[in-house]
Engineer: 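Sending over a structure as structure tokens; questions will come in a sec.
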Amino acid sequence: MLSRLFRAHGRFVATHPWEVIVGTITITLCMTSMNMFIGNDVVCGWNYQCPKTDEEVLSSDIIILTITRCLAILYIYFQFQNLRQLGSKYLLGIAGLFTIFSSFVFSTVVIHFLGKELTGLNEALPFFLLLVDLSKASALTKFALSANTQEEVRDNIARGMAILGPTITLDALVESLVIGVGTMSGVRQLEIMCSFGCFSILANYLVFMTFFPACVSLVLEVSRERREGRPIWQLSQLAQVLQEEEDNKPNPVAQRVKIIMSLGLVLVHAHSRWLAEPVGESSLSNSPGTLDDLNDSFPKRIEPSVSLWQFYFGRLVSMDIEQVVTLGLALVLSFKYIFFEKIDEKAASENSHVIRPRSLEPTTDAVSIKAREDMFEVIKPKNQPEVEAAVVPTVIPGRISRPSFTLGDTDWSPEELTEELLDEDSEEDIPAEPRPIEECKRILNSEKGARFLSDAEIVQLVQARYIPAYKLENLMESPERGVHIRRQMLAQKLPASDALATLPYQNYDYSLVMGTCCENVIGFMPVPVGVAGPLRLDGKDYQVPMATTEGCLVASTNRGCRAIALGGGAHSAVLGDGMTRGPVVRLPSAIEAAKVKGWLESPEGFSIVKEKFDSTSRFARLQRLHVGLAGRNLYIRFQARTGDAMGMNMISKGTELALSRVQEEFPAMQVLAVSGNYCTDKKPAAINWLLGRGKTVVSEAVIPAKVVHEVLKTTTEALVEVNISKNLIGSAMAGTIGGYNAHAANIVTAIFIACGQDPAQNVGSSNCMTLMEATGPYGDDLHISCTMPSIEIGTVGGGTNLAPQQACLKMLGILGASKDDPGSNACTLARVVCGTVLAGELSLMSALAAGHLVKSHMIHNRSKINLHEVTGNCTNKAA
């Protein structure tokens, strides 16, 4: 019952973060604006002269106070560090500090209303900071971070509240009762400090139960939108959350002790406060001292005789030694945290003891005990003792078998490790046989969701067309399970039951794929990635990643890079930058189409269209319009810069809005298609060869005769002759469009696949003219150039969002969008592509000139593997 109450509370707070945050801040501001810092009941500060006692302050007291303040600062610093490891350097820490600040303000106001003197609380503040514990805040944040969607963030915050809430409530009650004993000591200052401590604990509890979870929910929602819906944590890190969950589950023995202790403390307080003899007014009259002495016990306000900045500066430079030490420590730790604090992800991963599922590819819905045991692979940290392990919840619940195995000193079963994460209040198990479809529908639409349905029941809902097959990733508790179920359904329709056995699908972040890169996913295709280089280009060395299954390609390109480097390097330039989209529109007549053409080509018409087009994006900037007419059909080729994105979606959006503006001028115009093949995209086209598309790049290099002879094993004369006969005359004889090269598409496609580009765009991007001529003082050096008019490329969007492709972009130092010069990263990638094509052309043409091509491919690229034999081995291994 209590757990459900806290779950409902956590759900409400996480669902309405703005209301809770604004409400808490408003209440805090109202408190600080109250008349709480005037009159007699004030806190000693820089503008108050605190009362002096007859006893001199002992040096030991100063030392104790200084140590306490430093410990409080160090404690807060380490709390910030713990929250920093969750991925937020400032926001979560600031939320925690505001929790502390709100508690302090609330406690101060309450004591003020009770008529207590607040003198000396500057000494009590460090002790208050030591009472604050943000470890529960860290645990709650981990629950939230383990979600894939914002809805799961709210569910997990509610689940965390259900687990942490009762423990935190009881702890706050016990702490306040224990500290409250000090309010009966009879020592005035101790009573004030203990009262302040009690109210601080209760206030901190209230703020933590409302403000902090609302902040966590809002921070993750904003972060998720900025990351385009991707989960904050990788799924493999969720093991720590499960372990944290086990750690935070209340210990029944400890709970009973705390309850008994609380009851006893309540009796002590009741006896002291309500049953003891009340203190009469005579006690005040019998107390020593006069009214003046009583007034001297209150702090007096200082009225400065100089300007405020001089007064406060004087107070600052005249600080006591303990204040200087405390302030210095705070500044040093702040400087260290801001400039030198980083997340040690490697250490965090090595210190976690994780169990990862191996194969989840059962042939039937019932899994044997042996198969279930084989699903798990224990990964132990290096140089670490045996500890309790946790399970990543990609394990699909609801199987018949419940094998147990020992990790550390505890026996666990896979379902037991995931049971609390699924629903700590539910003891429901998934039956072996599929339930009726109506019941399955009800469970799917309830709070339980797909995680309480077996694979067979999900398949049943798909076959009944209640769940669209393409939405499996979105509806499952993890996208990987959706892929797993789709594989099961597909395997039944394939000629061989083990056809998908060697197609991997596990341990992949499908959240980056969904809605961006691919649909109906059944796995991912590993492609070998080689590196060619260093490519010396424009004075900088690049290690170029190339994903290919063609032997000799990387080795040949690498040889070309070596020859270029020995010759002093290559040089490149971007001649043009503009992606295109060519819609087709229709007018009632050819004459009216001609009028539209004339208007679009006029300065006035172009200005109007450009203004509308540019308004759709921060980066898209229309450069020119190329208009073609065929009868009453009008083909308008929009060309625009698109920053570091390849830009097809960006320019399509701008084109659509620009056409609507043209229709305002010519209402009879009808838009037939936003793409009328006048772009032209992914098809051989003379317009791209002549006018360019994407990036137009040229690269060149001079290779000394010595390098041609020693590295390329040929001569300059032979290279020039083969290039003319093959790349120029031979291509013309074949009627090629943009194919005046040896194998530019090889290099372009390999780099495209490695760096997350659209491989189909190698059609236009491989347009290249390779030219060679003799140069140098003796006419035996080689000048080689490659001109590529239509490299369609980008460093943001599409496949560049995937982690392996991002690694390849990092190799080149051009991941993402350039902050200083938008578009420069994409241009750099285009120059690298053109420079690498130059190296590949140089090496292949040399092999042809020397007669080494066939020989090298027969040695290095001829398959010696018997496919039937391999298939048999794979089948045996799968069996």
Side-chain angles (χ1 to χ4, degrees), residues 527-572 697 699-714 716 719 722-723 741-755 757 762 765-766 768 770 772 782 784-786 788 791 804-805 807-814 828-862:
V527 179
V529 179
V531 60
L535 171 67
R536 187 72 176 170
L537 182 66
D538 299 323
K540 186 176 180 180
D541 288 339
Y542 294 94
Q543 301 289 347
V544 184
M546 300 175 64
T548 181
T549 56
E550 180 181 349
C552 295
L553 177 60
V554 176
S556 176
T557 307
N558 195 65
R559 183 175 73 147
C561 291
R562 180 165 174 257
I564 291 173
L566 293 175
H571 302 277
S572 65
V697 188
S699 62
E700 65 176 352
V702 175
I703 312 299
K706 182 179 180 182
V707 176
V708 173
H709 178 70
E710 294 181 358
V711 177
L712 302 177
K713 310 300 183 184
T714 185
T716 299
L719 278 171
V722 171
N723 186 71
N741 58 80
H743 70 148
N746 253 338
I747 288 87
V748 170
T749 307
I751 297 178
F752 271 30
I753 295 175
C755 295
Q757 310 302 307
N762 79 88
S765 299
S766 299
C768 175
T770 301
M772 297 183 185
L782 176 70
I784 178 174
S785 67
C786 287
M788 304 182 69
I791 303 179
Q805 285 79 350
C808 293
L809 289 172
K810 284 182 181 179
M811 287 176 58
L812 299 170
I814 50 174
T828 299
L829 182 55
R831 291 191 295 105
V832 169
V833 169
C834 191
T836 311
V837 167
L838 184 78
E841 291 285 281
L842 180 62
S843 183
L844 176 57
M845 294 298 291
S846 299
L848 287 170
H852 296 160
L853 179 65
V854 176
K855 180 180 178 181
S856 63
H857 274 270
M858 292 299 291
I859 294 175
H860 300 290
N861 197 28
R862 190 179 184 187

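Side chains are part of it too, since the values below use all heavy atoms of this structure and drop only hydrogens, waters and symmetry mates. Residues: numbered from 1 along the sequence shown.
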Engineer: Checking E841 side chain against H743 main chain: does a donor-acceptor pair fall under 3.5 Å?
Structural biologist: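 Side chain of E841 to backbone of H743: a pair is present.
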
Engineer: Tell me the closest heavy-atom pair linking N558 and G533, and the distance in Å.
Structural biologist: OD1-N, 2.9 Å

Engineer: Hey, is the main chain of N746 close enough, under 3.5 Å, to the side chain of E550 for a donor-acceptor pair?
Structural biologist: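 Absent.
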
Engineer: So D541 and L535, side-chain contact (heavy atoms from CB on, under 4.5 Å) or not? Walk me through it.
Structural biologist: CA-CA 5 Å; D541 288 339; L535 171 67; over 6 Å; no

Engineer: Are there more than 12 heavy atoms of other residues, nucleotides or ligands under 6.0 Å from atom CZ of R562?
Structural biologist: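 At most 12 heavy atoms, drawn from other residues, nucleotides or ligands, come within 6.0 Å of this atom.
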
Engineer: Using 0.5 Å steps for rounding, measure from the SG atom of C786 to the CD1 atom of I747.
Structural biologist: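 Here the rounded value is 9.0 Å.
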
Engineer: So which atom in M772 and which in L719 form the shortest heavy-atom distance, rounded to 0.1 Å?
Structural biologist: SD-O, 3.8 Å

Engineer: Over all heavy atoms of both residues, which pair between A701 and G569 is shortest? Give the atoms and the distance, please.
Structural biologist: CB-O, 4.2 Å

Engineer: In Å, rounded to the nearest 0.5 Å, how long is the span from CG of L809 to OG1 of T828?
Structural biologist: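 It is 11.5 Å, given to the nearest 0.5 Å.
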
Engineer: Check whether the side chains of S699 and S572 place a donor and an acceptor atom closer than 3.5 Å, and report yes or no.
Structural biologist: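 No, no side-chain donor-acceptor pair sits under 3.5 Å.
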
Engineer: Between N762 and V748, is there a donor-acceptor pair closer than 3.5 Å when you use the side chain of the first and the backbone of the second?
Structural biologist: no

Engineer: Taking the side chain as every heavy atom from C-beta outward, state whether Y542 and T836 have any atom pair closer than 4.5 Å.
Structural biologist: no

Engineer: How close do I703 and A563 get, heavy atom to heavy atom, and via which atoms?
Structural biologist: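 Answer, listing the atom of I703 first, then A563: CD1-O, 3.8 Å.
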
Engineer: Which heavy atom in P534 sits nearest to a heavy atom in C561, and how many Å separate them?
Structural biologist: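 It is O-CB, 3.8 Å.
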
Engineer: Please report the shortest heavy-atom distance between G560 and S843, naming the atom on each side.
Structural biologist: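 So the two residues come closest at N-CB, 3.9 Å.
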
